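Here is the structure we will look at.
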Amino acid sequence: TSKNLSPIEKLEQSEPFRFFLTTVHGIPNIHNQANAMSFKEILSTQHGQLVRSAQFNYMFDIEFILEQYPSEFRLKPLLIVYGDSRHDNHSMKLQSSPYPQIELCPARLDIPYGTHHTKMMFLLYETGLRIVIHTANLIEQDWKQKTQGIWISPICPKLNDRTEECKTNFKKDLIQYVERYRAKQLQFWLKTITEHDFSNINVHLIGSVPGRHTGPDMNKFGHLKLRQTLKTYSGLENDAQYSLAPIVGQFSSIGSLGATANSWLTKEFLTSLKQLSSSALESPELKLIYPSVENVRTSLEGYMAGGSLPYNIQNAMKQGWLVNFLHQWKADHRQRSRASPHIKTYLRAANDQYKQLLWFLVTSANLSKAAWGVLEKNNTQLMIRSYEIGVLFIPKQFSQSVFSISDSPAFPIPYDLPPVKYQSTDKPWIVDVAYKNQPDSHGNMWDPS
Ligand SMILES: O=C(O)c1c[nH]c2c(-c3ccccc3)cccc2c1=O
């Protein structure tokens, strides 16, 4: 009977990556220990005396959120940063009106169809500032039986006169991201970030903010920021041995990608992921992981899991070519093959053995132009619709040449590699069609009409 780890022990054991999956109700406890964290454990009193916090997200259940904070922290100031959608923007005001400690910050969404997908926590303790970047909405179902990703920073101490050097540019990139909200409610947090020492951060920040980014702004956000960061820091530039190293994308929704793979996916997006100059003759393999109908039907939540996989028939029918790229959700080594994925990750393996990684990204960004951006005006501007944020792990920042997924310090990958292709009978999960041939793990059918 192995004992349960405390939140502090989980953080210590997660070094140097500090990358977790959410705990899952209904799997053996042993798989909710190493590299697994719950919302309550993130907010545990064991981390110190909380002063105030901010929660950036897309969906909020205020009662659920407050219930996750330890009772002694529930009345501390809490800033909620949400997407100012044109239609139901009063729901946040209604939810938070009973709680004077809650301040609201609507994020501007000036480009149609943009959403505030960013999922991030600022936790200010008496001992310093912690940043958490993750993939879960602040509603109970997102933290119960899904696979979600969480990166938890060290508690960054107050800056004394010592000049800090942040080797991944994380601090400057975070300030640049938060400044783009142009929100007075975030002024306190911009000042707070400036006053803390981020020199122990070993990940890169990859964010998206809505806009038509041109000139010097082009490489600051979206897939061009990823391209730029990989180019500058990965040290792969001229390493011909990796030109065919396979690339994996894993996500919980898919946008309208165009009539062929070449429209955006392989020509623009893959060029950023492979980061090598696009002149490299043949392209590396791109494998995409997105749940099949069978993955959803047999999941712990059953077809209900599909409610959080909003790939719609309108987009699916325009891109039948995509199915050839698709692979199943399979995470046996983490006991999470039935914990439907809401996490989004992108990675490059060193070769087709998939035993080592060249880099790993966990992010809120699904496979869509809205999230990553699309080049316009003869490649002079990158148009992004949504707010997104993620962290990129590069071996060099961990004094390694590659990440091993088995030898210590093993990178804790969320799913099984190599990815497993759809079977010939498999179809991608589509949220707005009916599935009435086979009951799910709860004996239910799915009939969205
Ligand atoms: O931020 C996130 O992760 C999510 C963002 N949109 C979701 C939707 C949705 C899809 C189209 C229009 C409006 C809402 C539905 C179900 C789950 C999500 C979701 O999880």
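When a ligand or atom number is given, it counts from 1 through the structure's own listing order. Note that the structure is predicted; figures quoted are calculated from it, not measured.
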Applying salt bridge (Lys or Arg N to Asp or Glu O under 4.0 Å) to K220 and D173, what does each step give before you reach the verdict? CA-CA 8 Å; K220 286 181 179 165; D173 287 347; over 6 Å; no
Residues in the immediate environment of ligand 1 (any heavy atom closer than 4.0 angstrom):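 Answer by chain and number: Y58, M59, H117, K119, N137, G307, S308, P310, H342, K344.
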Parallel under 30°, tilted from 30 to 60°, perpendicular over 60°: which one fits the rings of F19 and F411?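 Plane angle under 30°, so parallel.
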Residues that R18 engages under salt bridge (Lys or Arg N to Asp or Glu O under 4.0 Å), provided they are two or more places apart: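 For R18 the salt bridge (Lys or Arg N to Asp or Glu O under 4.0 Å) partners, ignoring immediate neighbours, are E15.
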Quick one: are P210 and S386 in side-chain contact, heavy atoms under 4.5 Å?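 Counting from C-beta outward, P210 and S386 never come under 4.5 Å.
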Is there a side-chain contact between E67 and F39 in this structure, where contact means two heavy atoms from C-beta onward sitting under 4.5 Å apart?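 No. Closest side-chain heavy atoms not under 4.5 Å.
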Partner of H204 under ring-ring contact (aromatic ring centres under 6.0 Å, His included), chosen from Y233, F170, W151: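 The option that passes is Y233.
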